[in-house]
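In what follows, chains are A, B, ... by sequence order, proteins preceding strands, each numbered from 1.
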Amino acid sequence: MKKENMTITNHRRIARNIYEMELEGKLVQETAGPGQFLHILPPASDSMLLRRPISICKTDKKTSRLTIIYRAEGKGTNQLAFAPEESRLDVMGPLGNGFPAENVSPGEHVLLTGGGIGVPPLYDTACDLREKGIELTTVLGFSDKETVFYEERFRELGDVYVSTEDGSYGTAGFVTDVIASEKLSFDRIFACGPVPMLKALEDAYPNARGSISLEERMGCGLGVCLACVCRSREDSDGTDYRKICSDGPVFSWGEVLL
Amino acid sequence: MSRMSVSLPGLEMKNPVMPASGCFGFGEEIGTLYDLDELGAIALKATTLEARYGNETPRVAETASGMLNAIGLQNPGLEKVLSDKLPPLASKEVPLLANIAGSTMEDYEAVADALSASGRVGALELNISCPNVKQGGIAFGTDPDLAAELTERVKAVSHVPVYVKLSPNTSDITVIADAVEKAGADGLTLINTLTGMKIDRKTGRPLLANQVGGLSGPAVKPVAIRMIHELRQQTTLPIIGMGGIMEAGDIIEFIMAGADAVAVGTANFTNPFICPELIGELGSMLEHEQVDHLYDLRAEEAGVR
Ligand SMILES: Cc1cc2nc3c(=O)[nH]c(=O)nc-3n(C[C@H](O)[C@H](O)[C@H](O)COP(=O)(O)OP(=O)(O)OC[C@H]3O[C@@H](n4cnc5c(N)ncnc54)[C@H](O)[C@@H]3O)c2cc1C
Ligand SMILES: Cc1cc2nc3c(=O)[nH]c(=O)nc-3n(C[C@H](O)[C@H](O)[C@H](O)COP(=O)(O)O)c2cc1C
Ligand code: FES
């Protein structure tokens, strides 16, 4: 983990309220696999004390650059959207444990399932798996046509299905509807998105092998403050927990209570 | 003795800076980032008799220049603190201030007895002011008779000096301070968080699962400074001051108001390296001011001391 003023080398809008930002800095060398995250301090503000957790979407150790994708949602991320290229950003990371792409064996078929702003960490995962020659199918869910992003990028790596909640693009409905209607089969599943989506997936495929990535409001991002806990499923006495920032954000299928 | 070293009951500190309780855990995580012996002391996360899961999430919310938290005193319980959390700190020399909490006086006594006998703890910090637990806690912190009785009972079993952590959620902090001083407290720490609430505009309901939470950060600093200044007019007890410290200048302000040492809480989340950075900056500032000791910065007529 480093705390560093990274340089914004690229910053552009790629869909409605969705921005892609490329950052350069030494901490890129410390990344340890797809699905880790950065803890970013909103720029130019004295009044915001808390950092914003944002997943790493793509890393390139050769150029010491990484890409993040974020939705301008509240105060901090809207402030971030104004940050000009070449300016510096106060970043802590890489944090957390990502998707265990290294455990996937050749010959396995992996299903990647992303919802909205949960899509970015799956891209790095897809690239790593593809490099190992793993066969991939990706199902992406968005709210509507205007918020769809990275469909083409994923298509370069395998089959892609897109759903939108309002039906304005791809299949109408949720990612679970697509998986069912297309009768998609898989040996392993990696998912990131809103909790209702993750819960629907775990309920539909209770015996699947795979991992999910979780979100929670955070303080420290380091495992110190206990802001971001969730209960483990095997909780025997009501006090067993996992810290999403440091034990996660990626957990094994069925490990935590959703 | 250096410009920065301070000597408080049970805590021989080489500088006046310690991380505040609940903002540093038991030092495990931040201990991987720098040498904990750079710190003046460490205030540990609250320990209760039994393990506690704490509140449901969301547990934190951002506010203007501050944050609300409702962790709910999550901790592994006395037994695990003794067996798992203190041993890794054995190789370090930094003094420890063990924060203790409970819902009954008997709980406090049991935890105080065991932690203070551990050999590693320099002093206890009685948390009678956590706004995030439903029973006890806050009642002890706002009722002078209960606060005094609790202090007396904990003093009777403790093997080390006892500080009482005061709540700002009271109409007159001097009454509680006076009560715990008469009951034998060796020092005061303040302030704990101020009770607050944030509404989620998307749902129209309180954002925190616990509904209310404790406000901390720069937003509360003026309240902390005022309360420390007020108490310094009535007591010579050592005071560990906290609330919104973000830079070395803030530490000087706390010392000028009457604090003898300071604790840094929320700022650790914005920057986990903040404590050693502040210690370095404070040292440079004192050198620049050419004072022999930090306390020489205080105005002569400040307080009863
Ligand atoms: C591990 C992890 C990875 C994430 N990856 C991405 C990503 O790649 N792209 C992306 O757009 N978003 C991602 N998020 C969600 C992102 O952190 C929030 O959208 C963002 O913090 C909102 O900040 P704000 O300034 O827009 O909102 P504000 O309302 O101003 O935020 C106030 C506070 O609440 C917190 N907060 C608000 N919403 C969320 C949320 N949904 N999750 C966590 N904290 C929240 C903020 O961090 C801040 O502390 C991720 C969250 C986590 C936990
Ligand atoms: C996340 C969090 C957890 C805390 N936990 C405790 C605790 O366990 N015991 C305690 O006495 N105070 C606790 N506090 C209060 C702090 O120790 C401190 O009194 C308060 O936050 C004011 O300082 P600050 O503004 O520098 O954060 C906690 C504060 C925060 C933000
Ligand atoms: S955010 Fe502090 S423990 Fe996870």
Side-chain angles (χ1 to χ4, degrees), chain A residues 1-5 30 39-43 45-53 73-79 90-93 95-96 195 214-232 235-248 256-258, chain B residues 19-20 22-33 45-46 48 50-77 80 200-202 207-209 213 216-219 244 246 265-274 277:
Chain A
M1 198 288 288
K2 273 196 165 52
K3 180 178 163 303
E4 186 181 0
N5 287 318
E30 294 189 12
H39 217 21
I40 301 178
L41 195 63
S45 168
D46 272 351
S47 72
M48 285 184 259
L49 298 182
L50 297 181
R51 291 170 179 270
R52 271 53 176 174
E73 173 101 5
K75 253 188 166 171
T77 49
N78 270 300
Q79 193 70 37
D90 183 343
V91 178
M92 241 166 73
L95 297 173
V195 169
L214 282 183
E215 283 186 10
E216 187 49 81
R217 281 170 193 262
M218 292 185 177
C220 65
L222 296 170
V224 173
C225 71
L226 303 173
C228 67
V229 301
C230 59
R231 291 181 192 274
S232 75
D235 191 0
S236 50
D237 65 352
T239 62
D240 194 33
Y241 65 96
R242 300 285 185 276
K243 296 186 259 196
I244 291 174
C245 67
S246 56
D247 297 324
V256 299
L257 205 62
L258 293 177
Chain B
C23 304
F24 209 75
F26 293 87
E28 289 158 286
E29 297 81 10
I30 297 184
T32 64
L33 304 181
K45 175 73 187 163
T48 53
E50 306 292 341
R52 286 178 58 97
Y53 177 81
N55 295 318
E56 296 306 318
T57 57
R59 291 177 171 189
V60 292
E62 192 178 58
T63 63
S65 298
M67 68 178 280
L68 290 167
N69 90 80
I71 307 296
L73 296 182
Q74 179 164 21
N75 79 95
K80 284 232 167 64
D200 183 351
R201 274 189 287 174
K202 282 190 200 129
L207 193 150
L208 297 175
S216 62
M246 298 292 284
T266 305
N268 288 287
F269 306 154
T270 316
N271 173 8
F273 299 95
I274 189 92
E277 285 178 15

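Contact record, B:Val60 with A:Ala227: CG1-CB, 3.6 Å, taken as the closest heavy-atom pair. Across B:Phe269 and A:Cys225, no two heavy atoms sit closer than the pair CZ-CB, 3.5 Å. Considering all non-hydrogen atoms of both residues, A:Glu216 and B:Pro58 come closest at OE2-CA, 3.9 Å.
The pair A:Glu73-B:Lys202 meets the salt-bridge criterion, with a side-chain N (NZ, NE, NH1 or NH2) lying under 4.0 Å from an Asp/Glu carboxylate O. A salt bridge does not link B:Glu277 to A:Lys3: none of the charged nitrogens lies less than 4.0 Å from a carboxylate oxygen.
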Point to revise | Chi angles and distances behind the side-chain contact (heavy atoms from CB on, under 4.5 Å) call for A:Lys243, B:Glu29 | key: CA-CA 12 Å; A:Lys243 296 186 259 196; B:Glu29 297 81 10; 3.3 Å; yes
Exercise for review: Apply side-chain contact (heavy atoms from CB on, under 4.5 Å) to B:Leu33 and A:Leu222, showing your working.
Suggested key: CA-CA 11 Å; B:Leu33 304 181; A:Leu222 296 170; 4.2 Å; yes
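With a 4.5 angstrom heavy-atom cutoff, A:Met218 touches chain B only via backbone atoms. In this structure, chain B has no heavy atom under 4.5 Å from any part of A:Lys2. For a residue to count as touching a neighbouring chain, one of its non-hydrogen atoms must lie under 4.5 Å from one of that chain's; by this rule B:Glu56 touches chain A with the side chain only. For B:Phe26, no part lies under 4.5 angstrom from a heavy atom of chain A. Looking at B:Thr32, there are no atoms closer than 4.5 Å to chain A (heavy atoms on both sides), in backbone or side chain. Contacts of A:Arg51 with chain B are made by side-chain atoms alone, with heavy-atom separations under 4.5 Å and no backbone atom involved. Only the side chain of A:Leu41 comes within contact range of chain B, judged by heavy atoms closer than 4.5 Å. Of the two parts of B:Leu207, only the side chain, counted from C-beta on, holds a non-hydrogen atom closer than 4.5 Å to a non-hydrogen atom of chain A.
Expressed to the nearest 0.5 Å, how far CD1 of B:Ile71 lies from SG of A:Cys228 amounts to 9.0 Å. Atoms CG and OG1, on A:Leu226 and B:Thr57 in that order, are 12.0 Å from each other to the nearest 0.5 Å.
Put simply, of A:Val229, A:Asp240, A:Asp90, the one with the most heavy-atom pairs under 4.5 Å next to chain B is A:Val229. Of the listed residues A:Gly219, A:Ser45, A:Gly223, A:Ser246, the one with more heavy-atom pairs under 4.5 angstrom with chain B than any other is A:Gly223. The candidate from B:Ala64, B:Pro272, B:Gly22, B:Gly217 with the greatest count of non-hydrogen atom pairs under 4.5 Å with chain A is B:Pro272.
Atom CD of A:Gln79 is surrounded by more than 12 heavy atoms from other residues, nucleotides or ligands within 6.0 Å.
A donor-acceptor pair is defined here as one N or O able to donate and one able to accept, closer than 3.5 Å; such a pair exists between the side chain of B:Glu62 and the backbone of A:Leu50. At distances below 3.5 Å, at least one donor-acceptor pair connects side-chain atoms of B:Thr270 with backbone N or O atoms of A:Leu49.
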